[in-house]
Amino acid sequence: MKFNTRTIHGGQQDTDPTFGAVMPPIYQTSTYKQSTPGGHKGFQYSRTGNPTRAALERSLASIENGKYGLAFGSGLAAIDAVIKLLKSGDEIISTNDLYGGSYRLFTRIFEKMGIRFHFVSMENADGIEQYINENTKMIWVETPTNPMMNIIDIAAMARIAKEHQLLLAVDNTFATPYLQQPLELGADIVMHSATKYLGGHSDVVLGGLVVNDMELAEKLYFNQNASGAICGPQDSFLVLRGIKTLHLRMQRHCENGEAVARFLKDHPGVDKVYWPGFEDHPNHAIAKKQMKGFGGMVSFTTAEGTLESAHNFLENLKIFTLAESLGGVESLAGHPATMTHASIPKEERAKTGIVDSLIRLSVGIEDEEDLINDLKQALE
Ligand SMILES: *Cc1c(COP(=O)(O)O)cnc(C)c1O
């Protein structure tokens with residue numbers, strides 16, 4: 001099956017053997033009748049497994065071209081299950097320009113438990129080798145990075161991970177499997193905040209993992225069941241429904257993203273524009289190599305360069321909504337320094353370029369001209 005068929009049919013054969021419902025039923029149940037003790041039909045208790053969640057987990061695996069999918073109550077719950085593969089004393093090398101919530105989870109929860117993180121720029125893949133020692137267990141990659149839109153070479157990271165027997169985990173939330181498939185590039189674990197593009201309608205919070213290795217899958221299933229951060233059947237259903245149009249939405253996100261990036265680049269009210277599709281973007285070659293398109297995320301700084309100018313712009317938008325999050329059908333605008341990335345200390349933020357005049361756009365799938373006119377009037 002090709003990708004555009006997998007989004008609709010991947011792992012969805014016979015999801016309702018009883019009545020043949022075309023859409024998987026929402027199995028709103030915590031438990032399942034057994035004929036004799038232990039005599040069940042594959043499900044015993046809904047933390048351990050639920051048929052609606054299982055349908056979503058098969059879909060996640062299918063669209064990432066992987067074998068095993070796992071769904072969680074949020075993207076952060078999925079990351080939590082991954083980091084719990086490690087133990088006190090272990091070390092992780094992580095992308096420095098990282099989703100703020102991931103940074104908070106790593107530094108405020110897991111560092112306290114004795115796991116050590118090195119936050120490093122990964123644009124030069126070989127540069128990370130100096131941080132590898134006998135305690136290093138994992139490389140955590142987010143690409144494109146958030147909000148600076150740097151691109152990390154996943155295949156190069158996979159080579160380093162293999163050489164040193166480390167796990168390579170990739171947060172694929174921004175790109176989605178429509179644009180890049182990290183397992184194909186050699187990653188061991190793909191992570192998603194399905195809250196964003198996979199769900200796609202800003203109506204659900206959910207996370208996912210996909211892996212190929214059976215032993216690794218078993219360890220993650222153990223963590224999912226033992227820690228219990230699962231998603232419910234209703235939310236699983238919503239994400240399954242979202243995934244069915246992922247390819248159509250992503251195509252339009254890419255088109256509108258490009259139009260917005262090019263408009264901003266030419267506007268005198270704008271200083272820098274961060275979008276990996278520009279030929280002069282420092283990682284454009286890698287983006288072209290590993291991604292099918294450049295996505296709908298665009299960041300920029302105002303020409304004035306002040307916090308006030310950024311706030312002014314954001315307050316004057318009419319179609320773009322000022323809100324956290326991204327990846328929905330509607331266009332959103334955010335201010336990383338005071339919103340998504342406020343949990344990262346100012347000095348850390350400055351190192352990666354998250355200045356006070358930086359604005360992040362999640363370009364939706366509305367009419368392109370309406371979006372550009374909205375940006376134009378807010379800049380003026
Ligand atoms: C939103 C997001 C997360 C966290 O996911 P939640 O579903 O909000 O828990 C992780 N990584 C990236 C890149 C995100 O955008």
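These numbers come from a predicted model, not from an experiment.
- In plain terms, the two heavy atoms of Ile151 and Asn283 that are nearest each other are N-OD1, 3.0 Å.
- A salt bridge between Arg159 and Asp126 is absent, with no side-chain N of the basic residue lying under 4.0 Å from a carboxylate O of the acidic one.
- In terms of modelled atom types and a separation under 3.5 Å, the side chain of Thr143 and the main chain of Thr145 share no donor-acceptor contact.
- Between Met297 and Lys196 there is no side-chain heavy-atom pair separated by less than 4.5 Å.
- Across all non-hydrogen atoms, the minimal contact from Ala158 to Ala187 is CB-N, 4.4 Å.
- Counting heavy atoms of neighbouring residues, nucleotides and ligands inside a 6.0 Å radius, atom NZ of Lys288 does not exceed 12 of them.
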Applying side chain to side chain contact (heavy atoms under 4.5 Å, CB included), run through Thr301 and Leu358 and close with a yes or a no. CA-CA 4 Å; Thr301 54; Leu358 184 77; 3.8 Å; yes
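- Taking CD1 of Ile132 as the start and NE2 of His164 as the end, the distance is 4.0 Å to the nearest 0.5 Å.
- Residues Ile63 and Phe174 are members of one and the same hydrophobic cluster, defined by side-chain heavy-atom contacts under 4.5 angstrom among Ile, Leu, Val, Met, Phe, Trp and Tyr.
- Taking CZ of Arg241 as the start and OG of Ser59 as the end, the distance is 14.0 Å to the nearest 0.5 Å.
- For Gln12 (side chain) and Ala55 (main-chain N/O), a donor-acceptor pair under 3.5 Å exists by modelled atom type.
- The side-chain contact (heavy atoms from CB on, under 4.5 Å) search around Ser62 returns Arg6, not counting sequence neighbours.
- Scanning for ring-ring contact (aromatic ring centres under 6.0 Å, His included) contacts around His192 gives an empty result, with sequence neighbours left out.
- For the pair Leu375/His267, no side-chain contact is recorded, criterion being any heavy-atom separation below 4.5 Å from C-beta on.
- Leu198 places none of its side-chain heavy atoms less than 4.5 Å from the side chain of Leu206.
- For CD of Glu279, the number of neighbouring non-hydrogen atoms (other residues, nucleotides, ligands) closer than 6.0 Å is 12 at most.
- Within a 6.0 Å sphere centred on NZ of Lys244, other residues, nucleotides and ligands contribute more than 12 heavy atoms.
- The main-chain N or O of Asp370 is never found under 3.5 Å from a side-chain atom of Asn373 such that the two would form a donor-acceptor pair.
- The cluster map of Ile, Leu, Val, Met, Phe, Trp and Tyr, joined by side-chain heavy atoms under 4.5 Å apart, puts Val239 and Val210 in the same cluster.
- Proximity of a side-chain donor or acceptor of His118 to a complementary backbone N or O of Arg116 within less than 3.5 Å is not detected.
- Not one N or O on the side chain of Ser227 forms a donor-acceptor pair closer than 3.5 Å with the backbone of Gln224.
- Taking CD from Glu330 and NE2 from His201, the interatomic distance works out to 8.5 Å, rounded to the nearest 0.5 Å.
- Between Phe294 and Trp275, the ring-plane angle classifies as perpendicular under the 30° and 60° cut-offs.
- For Pro276 against Met149, the heavy-atom pair with the smallest separation is CD-CE, 3.9 Å.
- Other residues, nucleotides and ligands contribute over 12 non-hydrogen atoms within 6.0 Å of the CD atom of Gln130.
- Remark: the backbone N or O of Thr29 is paired with a side-chain donor or acceptor of Ser46 at under 3.5 angstrom.
- Hydrophobic cluster membership of Ile365, counting Ile, Leu, Val, Met, Phe, Trp and Tyr whose side-chain heavy atoms lie under 4.5 Å apart directly or via other members: Val329.
- Contact annotation: the side chain of Arg53 never approaches that of Pro233 to less than 4.5 Å [non-hydrogen atoms, C-beta and beyond].
- Asp213 has its side chain out of reach of Asp188: every pair of non-hydrogen atoms, C-beta onward, lies at least 4.5 Å apart.
- Evaluation of the side-chain contact (heavy atoms from CB on, under 4.5 Å) rule for Ala175 yields Pro144, Asn172, Leu179, Gln180, Met291 as partners, not counting sequence neighbours.
- Within the 4.5 Å cutoff, the side chain of Lys137 has no heavy atoms near those of the Ile115 side chain.
- In this structure, Ile8 is not a member of the same hydrophobic cluster as Leu60, with clusters built from ILVMFWY side-chain heavy atoms closer than 4.5 Å.
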Criterion salt bridge (charged side-chain N to carboxylate O under 4.0 Å, His left out) on Lys265 and Asp280, from CA distance to verdict: CA-CA 12 Å; Lys265 198 168 194 179; Asp280 61 357; 3.1 Å; yes
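- Side-chain atoms of Gln377 come within 3.5 Å of backbone atoms of Asp374 as a donor-acceptor pair (strictly under, hydrogens ignored).
- For Leu248, the side-chain contact (heavy atoms from CB on, under 4.5 Å) test picks out no residue, with sequence neighbours left out.
- Note: Glu258 CD to Phe263 CZ = 15.0 Å, rounded to the nearest 0.5 Å.
- Between the Glu142 side chain and the Thr173 main chain, no donor and acceptor come within less than 3.5 Å of each other.
- Between Pro336 and the choices Met148, Glu324, Arg349, Arg360, the side-chain contact (heavy atoms from CB on, under 4.5 Å) rule is met once, by Arg360.
- Going from atom CG of Leu209 over to atom CD of Glu64 covers 10.5 Å, rounded to the nearest 0.5 Å.
- Judged by distance alone, the side chain of Glu368 and the main-chain N or O of Ala259 form no donor-acceptor pair under 3.5 Å.
- No more than 12 heavy atoms of other residues, nucleotides or ligands lie within 6.0 Å of CD in Glu308, so this atom counts as exposed by the packing criterion.
- Within 6.0 Å of CG in Asp14 there are 12 or fewer heavy atoms belonging to other residues, nucleotides or ligands.
- Residues Ala61 and Tyr68 come closest through the heavy atom pair CB-C, 3.9 Å.
- For the residue pair His341 and Pro147, the shortest heavy atom distance occurs at NE2-CD, 3.5 Å.
- Between Phe3 and Leu246, the closest heavy-atom pair is CZ-CD2, 3.9 Å.
- Leu76 and Val205 fall into different hydrophobic clusters, where Ile, Leu, Val, Met, Phe, Trp and Tyr side chains are chained together by heavy-atom contacts under 4.5 Å.
- Linking ILVMFWY residues whenever their side-chain heavy atoms come closer than 4.5 Å, directly or via other members, places Ile92 and Leu220 in the same cluster.
- Counting only residues at least two apart or in different chains, ring-ring contact (aromatic ring centres under 6.0 Å, His included) contacts with residues 74-116 comprise Tyr103-Phe119, Phe106-Phe117, Phe106-Trp140.
- Under a 4.0 Å N-O distance rule, the pair Asp266/Arg262 does not qualify as a salt bridge.
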For the pair Glu304 and Ser357, evaluate side-chain hydrogen bond (donor to acceptor under 3.5 Å, both in side chains) and give the outcome as yes or no after the intermediate values. CA-CA 8 Å; Glu304 253 177 74; Ser357 64; over 6 Å; no
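- Atom CE of Met1 is surrounded by more than 12 heavy atoms from other residues, nucleotides or ligands within 6.0 Å.
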In sequence, state the C-alpha distance, the side-chain angles, and the governing distance for Tyr221 and Thr48, and then conclude on side-chain hydrogen bond (donor to acceptor under 3.5 Å, both in side chains). CA-CA 8 Å; Tyr221 281 124; Thr48 317; over 6 Å; no
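- In this structure the side chain of Phe300 reaches within 4.5 angstrom of the side chain of Leu361, judged on heavy atoms.
- With contacts defined as side-chain heavy-atom distances shorter than 4.5 Å, the pair Ile359/Ser299 does not qualify.
- Proximity of a side-chain donor or acceptor of Asp16 to a complementary backbone N or O of Pro25 within less than 3.5 Å is not detected.
- More than 12 heavy atoms of other residues, nucleotides or ligands sit less than 6.0 Å from atom CD of Gln13.
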